[in-house]
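To start, the structure under review is shown below, and the notes come after it.
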Amino acid sequence: MKLKGLLKAVQPLQVIGSVETEIMGVDIDSRQVKPGHLFMAMCGTQADGHTYIPAAIGNDAVAVLCEKLPETTADGITYIQVKDSEEAVGKVATAFYGDPTSKMELVGVTGTNGKTTIATLLYHTFRYFGYKVGLISTVCNYVDGKPIPTEHTTPDPITLNRLLGEMADAGCKYAFMEVSSHSIAQKRISGLRFAGGIFTNLTRDHLDYHKTVENYLKAKKKFFDDMPKNAFSLVNLDDKNGLVMVQNTRSHVSTYSLRSLSDFKGKVLESHFEGMLLDFNKHEIAVHFIGKFNASNLLAVFGAAVLLGRGEEEVLVALSTLHPVAGRFDAVRSPKGYTAIVDYAHTPDALVNVLGAIHEVLEGKGQVITVVGAGGNRDKGKRPIMAKESARMSDRLILTSDNPRFEEPQAILDDMLAGLDKTDLQKTLTIVDRREAIKTACMLARPGDVILLAGKGHEDYQEIKGVKHHFDDKEELKAAMS
């Protein structure tokens with residue numbers, strides 16, 4: 001594509017050089033630049049891309065998009081200065097990959113909890129209907145049935161548009177993606193056309209990045225502020241921020257709730273470890289999921305599928321065939337008669353939801369043993385709250401390592417212990433080694449008890465001092481059980 005074609009997507013402050021240059025690729029990482037590529041320099045939160053302009057030119061970039069022009073410009077290189085490079089990168093990437101979201105129905109899911117489950121279940125639901133479908137999620141990306149490993153909840157704009165381009169080329173009619181607060185704040189989704197957006201809930205998370213809950217809320221809200229007029233916004237009325245999200249949206253607003261009158265109303269009729277019986281809009285449905293939070297997730301899937309044009313009854317049939325997403329309330333039964341649940345819960349609210357679901361089924365007939373830690377180099381303020389909520393809703397608590405990253409594991413556990421009082425401490429063990437913590441939980445469990453392994457879910461590694469070591473909670477659990 002000629003450079004002038006890409007520049008139609010942005011409004012340059014100035015252009016130095018030829019716009020007739022043929023562009024063979026677009027990059028934001030100078031190491032990925034190849035001959036004929038356009039390098040786009042973003043200011044970034046950790047590194048300033050402008051410092052890598054010489055390296056990109058050294059790799060034979062033919063054009064540079066930037067906010068700050070270099071003091072000296074190289075001969076034969078076209079420089080495009082823009083006001084906001086974060087905004088421009090997404091739009092240029094969208095144009096380079098042929099505006100893929102104009103060829104499919106893209107639905108984004110945002111919120112603190114439930115994003116992965118809802119996006120993944122929508123992907124499976126529409127594949128059940130016979131469509132080719134794409135998925136962009138924390139666990140794995142899919143181009144129809146082809147898995148593509150993922151590193152971030154929402155990829156960078158180049159990777160994101162390349163993926164969406166692959167989906168369009170593969171004939172995908174629908175695509176479902178998790179939209180993280182980071183990706184909204186950093187404008188990674190700039191240039192994409194959404195057919196709809198779903199808001200799940202908002203609780204404390206990512207304050208290491210956003211600094212305040214208000215900033216976190218504003219990032220989520222911007223997604224709906226920017227939603228086009230012909231799209232839908234589906235929000236959870238059971239969260240106090242549900243209607244706040246859509247105060248300024250131009251899109252068509254619909255609601256879902258387990259407690260209030262709404263467009264999509266749900267109710268839990270029965271709950272067992274094998275699943276639940278639900279009522280959605282006065283239709284009964286049996287599902288392979290447990291807990292009110294999962295009932296809410298399924299209700300969001302139900303609502304979104306209906307808003308995308310499917311009939312209520314055919315959607316319910318599809319939902320009855322679905323199973324939990326990897327690492328989300330993943331139950332393993334021990335030969336000794338206790339049950340263990342592997343779950344990704346890594347925020348106070350997510351822990352309350354999962355532990356609440358366990359108590360709904362147990363009804364006081366067994367003990368709950370929770371194994372939990374907190375990630376290093378992330379929001380420290382949530383650590384004591386996570387420990388307190390876990391202790392409040394558990395009979396025994398084992399605090400252990402999660403992904404310590406570059407922090408000392410014991411220092412993270414000390415932060416968690418600070419949230420516990422004397423009564424809590426009497427039922428709490430601190431075991432830094434996660435493998436030993438899991439073994440200990442299995443030794444403590446008796447028939448009828450439930451172990452919750454929280455925090456890592458689908459992850460198959462532990463990140464320690466910048467190195468990822470293989471570690472899978474489910475594997476460790478099965479080894480300990482045997």
Side-chain angles (χ1 to χ4, degrees), residues 139 273 290 324-348 350-355 357-359 361-362 366-376 383 386-387 389-405 407-417 420 424-465 467-482:
V139 177
F273 275 124
I290 308 162
V325 176
R328 269 65 175 178
F329 216 97
D330 201 346
V332 180
R333 186 79 172 165
S334 161
K336 294 182 181 177
Y338 62 85
T339 301
I341 308 290
V342 176
D343 195 271
Y344 189 54
H346 60 283
T347 65
L351 282 165
V352 169
N353 284 338
V354 174
L355 285 164
I358 291 169
H359 284 291
V361 179
L362 269 183
Q367 293 204 329
V368 177
I369 302 165
T370 298
V371 181
V372 66
R383 293 172 184 173
M386 287 171 65
E389 293 292 12
S390 298
R392 180 176 68 84
M393 300 184 73
S394 306
D395 298 288
R396 298 297 298 269
L397 174 61
I398 302 175
L399 297 179
T400 189
S401 296
D402 189 297
N403 288 319
R405 298 184 176 91
E407 283 194 69
E408 288 302 320
Q410 187 59 54
I412 297 171
L413 296 181
D414 289 343
D415 286 342
M416 298 188 81
L417 286 165
L420 305 181
D424 298 329
L425 290 169
Q426 288 174 357
K427 59 181 176 182
T428 301
L429 295 172
T430 303
I431 304 174
V432 173
D433 187 299
R434 193 173 180 93
R435 180 174 289 115
E436 290 304 315
I438 292 170
K439 286 181 182 177
T440 302
C442 291
M443 287 168 56
L444 292 172
R446 298 290 178 263
D449 289 351
V450 175
I451 297 170
L452 170 63
L453 299 187
K456 293 184 60 58
H458 66 282
E459 292 178 351
D460 60 359
Y461 63 85
Q462 264 196 310
E463 188 177 341
I464 304 168
K465 303 295 183 187
V467 179
K468 288 185 176 180
H469 304 267
H470 180 77
F471 193 98
D472 186 307
D473 274 2
K474 203 167 179 180
E475 285 179 12
E476 298 297 332
L477 183 61
K478 288 179 176 177
M481 283 179 170
S482 64

Before you tell me yes or no, could you show the steps for Ser401 and Ile412 under side chain to side chain contact (heavy atoms under 4.5 Å, CB included), namely the whole-Å CA-CA distance, both residues' side-chain angles and the distance that decides it to 0.1 Å? CA-CA 8 Å; Ser401 296; Ile412 297 171; over 6 Å; no

Take Glu407 and Arg383 through the salt bridge (charged side-chain N to carboxylate O under 4.0 Å, His left out) test and state the conclusion after the steps. CA-CA 14 Å; Glu407 283 194 69; Arg383 293 172 184 173; 2.6 Å; yes

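Using a 4.5 Å heavy-atom cutoff, the side chains of Leu420 and Leu399 are in contact. Under the 4.5 Å side-chain criterion, counting only non-hydrogen atoms from C-beta, Lys474 is not in contact with Asp460. The shortest side-chain heavy-atom distance between Asp473 and Arg434 falls under the 4.5 Å cut-off. Between Met393 and Val368, the closest side-chain pair of non-hydrogen atoms is not below 4.5 Å. Looking at Asp395 and Lys427, their side chains never come closer than 4.5 Å, going by heavy atoms from C-beta outward. Residues Arg333 and Met481 fail the side-chain proximity criterion, which asks for heavy atoms closer than 4.5 Å. With contacts defined as side-chain heavy-atom distances shorter than 4.5 Å, the pair Leu425/Leu417 qualifies. Between Tyr338 and Ile369, every side-chain heavy-atom pair lies at or beyond the 4.5 Å cut-off.
Although no hydrogens or angles enter the test, the distance criterion places a donor-acceptor pair under 3.5 Å between the side chain of Thr400 and the main chain of Val432. Of the possible donor and acceptor atoms, none in the side chain of Lys439 sits under 3.5 Å from a partner among the backbone N and O of Glu476. Ser482 contributes a side-chain N or O that, together with a main-chain N or O of Ala479, makes up a donor-acceptor pair within less than 3.5 Å. Side chain of Gln462 to backbone of Asp402: a donor-acceptor contact under 3.5 angstrom is found. At least one donor-acceptor pair under 3.5 Å links the side chain of Arg446 to the backbone N or O of Met443.
The number of heavy atoms from other shown groups lying within 6.0 Å of NZ (Lys336) does not exceed 12.
If you run side-chain contact (heavy atoms from CB on, under 4.5 Å) between Val372 and each of Asp343, Ile398, Leu452, Leu351, only Leu351 comes through.
Side chains of Asn403 and Lys468: no donor on one and acceptor on the other come within 3.5 Å.
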